Amino acid sequence: MGDNTAGYLFLLPWFTGLSLFMAGPTLVSLYLSFTDYNLLDTPNWIATQNYIKLITQDRRYHTALRVTLTYVMVAAPVNLAFALGLAMLLNAKIAGLSFYRAVYYIPSLLGGSVAVSILWRQIFGLGGIVSQILALFGIEGASWVSTPSHALWTLIILHVWQFGSPMVIFLAGLKQVPAELYEASSIDGAGPWRQFWVITLPMLTPVIFFNLVLQIINSFQAFTPAFIVSGGTGGPLDSTLFYTLYVYMQGFGNFRMGYASAMGWILLVIIGVVTGLAFLSSRYWVHYDDAK
Amino acid sequence: MPDHSDGAVRTRRRDLLLGATSLLGGTALFAGGVRAEDAKIKMRIGWWGSDDRHQRTLKLIKLWESRKPGAVMTAEYGGLIGYSDKISTEFAGRNAPDVLQISDNRESLIAAGRLLRLDDYIASGQLNLSDANRSVLETLKVDGKLYSIPWGLACGCFFLDATVFGDLGVALPGPNWTWDEYAEIARKISKAAPKGLYGSADIWAPAGTRAFYPFEFFLRQRGKTAFTPLGKLNFGASELTEWFTFWDDLRRAGAVPPAEVTALENGFETSPIITGRAAMYPINSSIASSLQGLTKHKLIVMPLPHGLGSKALPGPQYGPFVNTNMQIYVNADTKYKTQAVQFLDDITNDPEFGKIQLMSRGVPLSSKIAAMEMPDIAPIEQSMVDMVQFVQTHATSQYVAWPKSGSQIQDLMQRAHQEIAFGQAKIPNTVSKFFDEAGLIID
């Protein structure tokens with residue numbers, strides 16, 4: 001231990017934070033998920049009743065699951081495709097590149113904020129910019145944020161728009177691809193399209209995988225956009241009822257904290273399983289240089 | 001949001017303190033000065049509302065502090081969305097404000113003993129309610145005990161855009177209007193108005209508490225209440241079907257806007273009567289001053305229609321009652337019970353307080369204070385006073401307080417309305433689903 005004492009000492013603040021503010025509450029919430037805790041009274045043990053009710057009876061919970069899964073499955077990959085495309089463009093050798101990089105990163109700085117969510121209501125609302133532009137082409141716009149069939153898609157667009165951090169990571173990945181691979185392949189007559197599929201993409205798979213895992217976890221936990229755009233209701237008609245929003249509504253709106261804790265733990269398991277699947281699948285499509 | 005305001009209040013308090021102490025220094029014989037027990041008072045107060053209400057309440061606090069040199073009352077305020085969640089969290093952490101308004105879930109807080117019972121203070125005269133309307137106080141009682149007093153009387157009502165009525169040549173109704181008349185006026189306006197302007201806003205709204213109280217008014221027409229004293233639903237599928245059908249017909253006739261227009265409302269600031277999409281708007285009358293402040297059009301207040309002699313939604317009794325939503329409570333955990341109750345007494349009976357707050361939360365509870373304010377109030381407030389008086393004189397007394405699950409049933413009602421409005425389900429399906437889900441919530 002002797003040599004490491006200093007190291008452990010330096011770790012102490014972080015470790016204290018982790019156990020006090022993360023591990024502690026997390027474990028307590030596991031206990032609470034088996035109780036009828038209502039924020040105000042002493043919790044009573046009710047075994048697995050919360051879980052049973054969630055899985056077998058609560059239709060809104062099932063809606064929340066469906067909404068969130070749709071969001072994750074669409075928003076995460078589209079976001080990554082978008083980020084990769086822009087990273088490739090910004091990897092070209094053109095003037096003023098660092099300026100463009102900064103500009104494209106800005107949405108990610110604003111991304112989850114309340115202000116942008118309000119802006120979104122304006123853009124996709126009745127008579128908003130989108131409707132006005134469509135009107136130029138003779139298409140009659142609608143109020144996208146307040147129609148059950150479209151509201152979720154405006155949030156997906158909001159998520160895709162925040163492509164900054166994966167873009168930066170992709171850029172770093174692109175820089176790592178050895179230039180001689182491109183030179184060699186172009187001598188062999190490969191065009192840019194073929195180069196993308198056989199060089200860039202395979203070489204990038206570790207970075208894609210890393211980004212994918214981050215994106216999946218991130219979008220499962222999305223909260224602010226839905227809360228602000230729907231005014232805290234998950235509406236219209238529960239079409240933007242994100243999992244985390246429903247947890248919040250049950251816990252703090254309806255005082256059903258035990259129930260909300262159970263939801264939190266199911267979410268943890270879901271995220272764990274999905275991430276685990278991503279790791280399992282990675283054996284078949286992620287190429288690491290050193291593995292060869 | 002509230003953090004900034006806190007800072008502002010504190011600074012002003014300090015200025016005031018400085019001013020007060022220097023004044024006292026000059027007049028050494030002035031009795032009292034900074035009394036030791038006052039200087040230790042550090043209270044917090046919470047409310048929601050719009051800017052008009054915030055400004056007037058901040059002035060009230062300043063007056064209260066100036067009377068107790070050294071005492072501090074910190075304000076925590078903001079809009080309605082998120083207010084209830086914040087207060088719940090604070091109650092869970094046992095650090096809720098000492099004096100506060102509660103927008104949702106008061107029933108849970110009362111059941112858990114977290115709100116101060118006021119009956120003893122009323123009996124001892126510390127809280128003087130002798131000029132208050134007794135029947136309104138009755139409706140606030142839970143198991144015969146009083147935990148709050150109205151910080152202004154109000155009830156569910158319709159705001160009417162008199163300017164639009166005038167422009168379109170549609171005659172304004174009187175306070176004694178029926179559901180038939182309401183529906184006819186809504187249809188007439190939609191017909192006469194340019195595209196995009198509807199007769200009335202719909203009865204549901206995406207956020208807020210709109211849908212359930214009007215329905216309860218309708219139930220009262222038949223001598224029923226929303227809940228039984230044991231907290232079960234006190235109505236059946238037939239009443240709910242009738243209610244949904246009435247509104248669905250209006251929607252299909254274009255008398256109220258389609259669902260995607262209604263769903264855009266995000267608080268009364270963006271309500272259809274403000275954005276110019278409807279000439280009538282149902283909500284609680286307590287926002288009268290704030291709502292009028294948002295439009296140049298002349299607004300007036302009408303009670304909700306009734307069913308006496310009406311074909312639509314008929315009923316032998318008068319439905320509306322004063323269901324005031326602006327109530328003030330004392331946190332049972334407060335260290336300053338006496339001072340908190342005294343604050344309630346001040347805002348109810350003290351003319352100086354009355355002069356400042358006027359009718360920013362509805363008609364004053366004390367009839368004396370209300371009469372005193374009459375010369376100072378705006379036309380919209382006058383209209384609100386008339387409406388509340390009309391309802392008070394016509395209302396029947398029966399009322400059963402909501403159970404703990406009341407707020408959730410109200411949410412359920414909102415979603416049921418939306419389901420029909422967006423055409424996602426037929427009324428009979430929505431009705432049976434409503435009772436299914438209500439069953440899950442209530443047991």
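As the structure is a prediction and not an experimental result, all values here were calculated from the model. In what follows, chains carry the letters A, B, and so on, assigned in the order in which the sequence lines appear, proteins first and then strands, with residues in each chain numbered from 1. Basis for what follows: all heavy atoms, side chains included, without hydrogens, waters or symmetry-related copies.
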- [ ] Please determine if Arg44(B) and Glu90(B) form a salt bridge, counting it only when a charged side-chain N lies under 4.0 Å from a carboxylate O.
- [x] yes

- [ ] Measure the OG-CG distance between Ser230(A) and Leu241(A) for me, rounded to the nearest 0.5 Å.
- [x] 8.5 Å

Open item on the list: So if I take each residue of residues 41-53 of chain A and look for any heavy atom under 4.5 Å from a heavy atom in chain B, which residues do I end up with?
Closed with: Asp41(A), Lys53(A)

Task: Tyr246(A) side chain to Asp58(A) side chain, donor-acceptor N/O pair below 3.5 angstrom - done: yes

Open item on the list: Rounded at 0.5 Å granularity, tell me how far CH2 in Trp144(A) sits from CZ in Phe124(A).
Closed with: 9.0 Å

Open item on the list: Please check: side-chain N/O of His159(A) versus main-chain N/O of Pro225(A), any donor-acceptor pairing under 3.5 Å?
Closed with: no

- [ ] Nearest 0.5 Å please: distance from the CZ atom of Phe82(A) over to the CD1 atom of Ile157(A).
- [x] 10.0 Å

Task: Residues in residues 247-271 of chain A that sit under 4.5 Å from chain B, counting heavy atoms only - done: Tyr248(A), Phe252(A), Gly253(A), Asn254(A), Phe255(A), Arg256(A)

Open item on the list: Using a 6.0 Å cut-off, check whether atom CZ of Phe435(B) has over 12 heavy atoms from anything other than its own residue.
Closed with: yes

- [ ] For each of Leu109(B), Asp436(B), Val261(B), tally heavy-atom pairs with chain A at distances under 4.5 Å, and name the one with the top tally.
- [x] Leu109(B)

- [ ] Classify the ring geometry between His417(B) and Trp243(B) as parallel (under 30°), tilted (30 to 60°) or perpendicular (over 60°).
- [x] perpendicular

Open item on the list: Holding to side chain to side chain contact (heavy atoms under 4.5 Å, CB included), I want the full list of residues that pass it with Ala23(A), two or more places apart in sequence or in another chain.
Closed with: none

Task: Given Tyr61(A), Phe223(A), Phe220(A), the one that forms ring-ring contact (aromatic ring centres under 6.0 Å, His included) with Tyr243(A) - done: Tyr61(A)

Open item on the list: Contact between Arg53(B) and Ile287(B) at the side-chain level, heavy atoms closer than 4.5 Å - yes or no?
Closed with: yes

Task: Part of Arg415(B) within contact of chain A (heavy atom distance under 4.5 Å) - done: both

TODO: Measure the spacing between CD of Gln122(A) and CD1 of Ile129(A) and express it to the nearest 0.5 Å.
DONE: 8.5 Å

Open item on the list: Return the OH to CG distance between Tyr31(A) and Leu27(A), rounded to the nearest 0.5 Å.
Closed with: 13.5 Å

TODO: Using a cut-off of under 4.5 Å on heavy-atom pairs, state which of Ile441(B), Ile87(B), Leu440(B) scores highest against chain A.
DONE: Leu440(B)

Task: Close side-chain approach of Leu115(B) to Phe91(B), heavy-atom, < 4.5 Å - done: yes

TODO: Tell me the residues of residues 327-335 of chain B whose non-hydrogen atoms fall below 4.5 Å from those of chain A, in number order.
DONE: none

Task: Rounded distance (nearest 0.5 Å) linking atom OG of Ser200(B) with atom OH of Tyr198(B) - done: 12.5 Å

Open item on the list: Tell me which of these, Ser84(B), Ala263(B), Ala111(B), has more heavy-atom pairs under 4.5 Å with chain A than the rest.
Closed with: Ala263(B)

Open item on the list: I need the residue from Pro236(A), Pro148(A), Gly232(A), Gly125(A) with the largest number of non-hydrogen atom pairs under 4.5 Å to chain B.
Closed with: Pro148(A)

Open item on the list: If I measure from the heavy atoms of chain A, does Ser407(B) come under 4.5 Å with its side chain, its backbone, both, or neither?
Closed with: neither

Open item on the list: For Ser271(B) versus Leu291(B), what's the shortest heavy-atom pair and its separation?
Closed with: OG-CD1, 4.2 Å

